[in-house]
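See below for the structure under consideration.
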Number of protein chains: 2
Amino acid sequence: MGKLKRISESTISRLSRYYRALVQLDKDNYETVSSKDLARLEHLTPAQVRKDLSFFGSFGTRGLGYPVRELKDKIARILGVDQEWNVALVGIGNIGSALVSYKEFSRQGFKIKLLFDNDQRKIGSNHKGIVIRDVANLTQELKDNNIEIVVIAVPPQQAQTVCDDIVKADVSAILNFAPINLKVPKGVSLRNENMAMELEHLSFCLVNNDYCEEG
Amino acid sequence: MGKLKRISESTISRLSRYYRALVQLDKDNYETVSSKDLARLEHLTPAQVRKDLSFFGSFGTRGLGYPVRELKDKIARILGVDQEWNVALVGIGNIGSALVSYKEFSRQGFKIKLLFDNDQRKIGSNHKGIVIRDVANLTQELKDNNIEIVVIAVPPQQAQTVCDDIVKADVSAILNFAPINLKVPKGVSLRNENMAMELEHLSFCLVNNDYCEEG
DNA sequence: CCCATGTTGTGAAAGCTTTCACAACCAATT
DNA sequence: AATTGGTTGTGAAAGCTTTCACAACATGGG
Ligand SMILES: NC(=O)c1ccc[n+]([C@@H]2O[C@H](COP(=O)([O-])OP(=O)(O)OC[C@H]3O[C@@H](n4cnc5c(N)ncnc54)[C@H](O)[C@@H]3O)[C@@H](O)[C@H]2O)c1
Ligand SMILES: NC(=O)c1ccc[n+]([C@@H]2O[C@H](COP(=O)([O-])OP(=O)(O)OC[C@H]3O[C@@H](n4cnc5c(N)ncnc54)[C@H](O)[C@@H]3O)[C@@H](O)[C@H]2O)c1
């Protein structure tokens, strides 16, 4: 079992994609899948699929391929989506509200447990069955409720302060929607969802289409 | 002027980050900035900054650094954010509505011109000053209105059909929020915004914290 | 049992990206 | 004009990721 190398960002992202494909294959009652099939489904190469999986073990059978359900479960375990995670959301505005309404996260094990805002008109109100709390008590309430992942959806100016309070609660996984570079201590995982950057990437491709292949 | 190499995805993303930093530096009335400063602001290395910029030309002065405003304008040009882009949005649900309300895109030159949905209750209604059109006429209306970028925010099952209609209108830049692998012909730039994948990345880090450094 | 066909797992090669290191240059000071 | 201190631009080195290529194994049919 290859349990030594550091896993690259891109391998982790591809794991998510394999997982999604496998969930579908399982629904469609496929028993086995080859690296070739999986690669075609995700527009990758078979060698890449095999190499990615090989970092975590040998899940396939030579000549046959991978058992769909088993591989799906193995990857679920690796990705940590075989369990439930307590999620909190800070900033219940446009994006925040959209996220609360999104049922798919819960189905995948990401349970939105707490909502926070600093707007007195919103605090105390019920949003999709969850009461919005005062961000003033953020650190304490995150601790009290065993929150493991926090999503930041506040304006960029407030994001670092909110982030600091989250870190104080020993939460070590943060998803940030504010277009700003948050500083977090070592050991805290931070992912940024930056739509402006994606749009700029597209406009770059429109302007420089010769130098921008494969989207 | 280095106009030969293919530019990597990561260089383009970093260009967006330099741009954001430069806009701020300009606002704060800085005249020049060194690769060292720019690197510190974005948590990168000075060599990386210089190498990235060198793909597009020599914008700095040895001993002095880069002229902030000039470099900002140069990068704006490279990214294509020195001009306005006509954007359309398909699927005015949770995410779609959030995007329409977001003023920042317009400020950056991404002008949301058309909205589409297939829900008869929504079609014809006014959303933040823009009327929601019937997706049935998608291809024709994209053409008629010179739309250059389309954002897909419909359920995953409908995304490929919508995508095909967009491609038919010769739009070559698509931002997709549906968690599905869209197929687009060569020459069309497709970016995916997949929040589930980001959350899975975080849960991976929580489970395998030894193998997951730097978020 | 043997052979043909198919597929994995993995070292090694190729390709790509980042970092290093330094010549080339700029400005200020003496 | 020479020296000091600073910074860029870039070829080369190092590091990382992807692809290649093939031994090792599985199955099925003669
Ligand atoms: N709406 C979009 O489409 C979009 C797109 C890209 C990025 N973003 C980014 O996402 C973030 C949220 O955007 P939005 O459109 O939802 O904004 P919004 O103004 O609709 O919502 C922000 C919410 O955060 C709350 N808030 C402000 N300061 C707070 C604090 N200190 N603690 C807790 N809550 C606080 C506000 O009361 C509000 O409810 C912003 O950083 C924005 O730049 C939004
Ligand atoms: N809401 C979120 O936080 C979130 C998060 C991640 C991903 N997503 C993805 O973004 C997409 C949109 O999510 P949402 O929550 O806004 O969903 P939603 O159901 O609120 O909105 C979807 C909208 O698309 C419209 N629609 C459906 N089929 C259409 C078609 N063929 N043409 C045009 N319009 C059509 C619907 O009428 C609706 O208005 C989905 O693919 C979802 O998986 C959403």
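What's counted below: heavy atoms across the whole structure, side chains too, no hydrogens, waters or symmetry copies. Residue numbering restarts at 1 for every chain, and letters A, B, ... go by the order of the sequence lines.
The separation between Arg50(B) atom CZ and dT19(C) atom C1' is 10 Å, rounded to whole Å. Atom-to-atom, CZ of Phe55(A) to C1' of dT8(C) comes out at 15 Å; the value is rounded to the nearest Å. Rounded to whole angstrom, the span from the NZ atom of Lys36(B) across to the C1' atom of dT7(D) amounts to 10 Å. As rounded to whole Å, 14 Å separates atom C1' of dT17(C) from atom CD of Glu9(A). What separates CG of Leu71(A) from P of dT8(C) is a distance of 11 Å, to the nearest Å. Between the CG atom of Leu53(B) and the P atom of dT7(D) there is a distance of 16 Å, given to the nearest Å. The interatomic distance linking Leu44(A) (CG) with dC20(D) (C1') rounds to 17 Å, in whole Å. Between Asp37(B) atom CG and dT7(D) atom C1' the separation is 11 Å, expressed in whole Å.
At a cut-off of 3.5 Å, with distance as the only test, a side-chain donor of Thr11(A) or Ser8(A) sits close to an acceptor on the other residue. Side chains of Gln140(A) and Asp144(A): a donor on one and an acceptor on the other come within 3.5 Å.
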Return a table of donor-acceptor pairs under 3.5 angstrom between the side chains of residues 147-173 of chain A and protein atoms on other chains or two or more places apart.
| residue | atom | partner | partner atom | Å |
| --- | --- | --- | --- | --- |
| Glu148(A) | OE1 | Asn86(A) | N | 2.8 |
| Gln160(A) | OE1 | Lys183(A) | N | 2.9 |
| Gln160(A) | NE2 | Asp164(A) | OD1 | 2.9 |
| Gln160(A) | NE2 | Lys183(A) | O | 3.1 |
| Asp165(A) | OD1 | Lys168(A) | NZ | 3.1 |

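Atom-to-atom distance recorded for Ser10(A):OG and Asp52(A):CG is 8.0 Å, nearest 0.5 angstrom. For the atom pair His43(B) NE2 and Asn181(A) CG, the distance stands at 5.5 Å (nearest 0.5 Å). The line from CZ of Arg6(B) to CG of Asn208(A) is 11.5 Å long, rounded to the nearest 0.5 Å.
Checking Arg17(B), Gln48(B), Arg14(B) one by one against Glu42(B), the side chain to side chain donor-acceptor pair (under 3.5 Å) holds for a single residue, Arg17(B).
The residue Lys51(B) sits close to a base: some heavy atom pair falls under 4.0 Å.
Phosphate contact (OP1/OP2 of dT17(C), side-chain N/O of Gln48(B), threshold under 4.0 Å): absent. The phosphate of dT17(C) has neither OP1 nor OP2 within less than 4.0 Å of any side-chain N or O from Arg14(B). The phosphate of dT19(D) (OP1 or OP2) has a side-chain N or O of Thr45(A) nearer than 4.0 angstrom. Between Tyr66(B) and dG9(D), a side-chain N or O to OP1/OP2 separation shorter than 4.0 Å is present.
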Distances for protein N or O near nucleotides 26-28 of chain C N or O, under 3.5 Å:
| residue | atom | partner | partner atom | Å |
| --- | --- | --- | --- | --- |
| dC26(C) | O4' | Arg62(B) | O | 2.9 |

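Of the two residues near DNA chain C, Ala47(A) and Thr11(B), the one whose nearest nucleotide lies more 5' is Ala47(A). Checking Ser35(B) against Asp52(A), the closest nucleotide of DNA chain D that is more toward the 5' end is the one next to Ser35(B).
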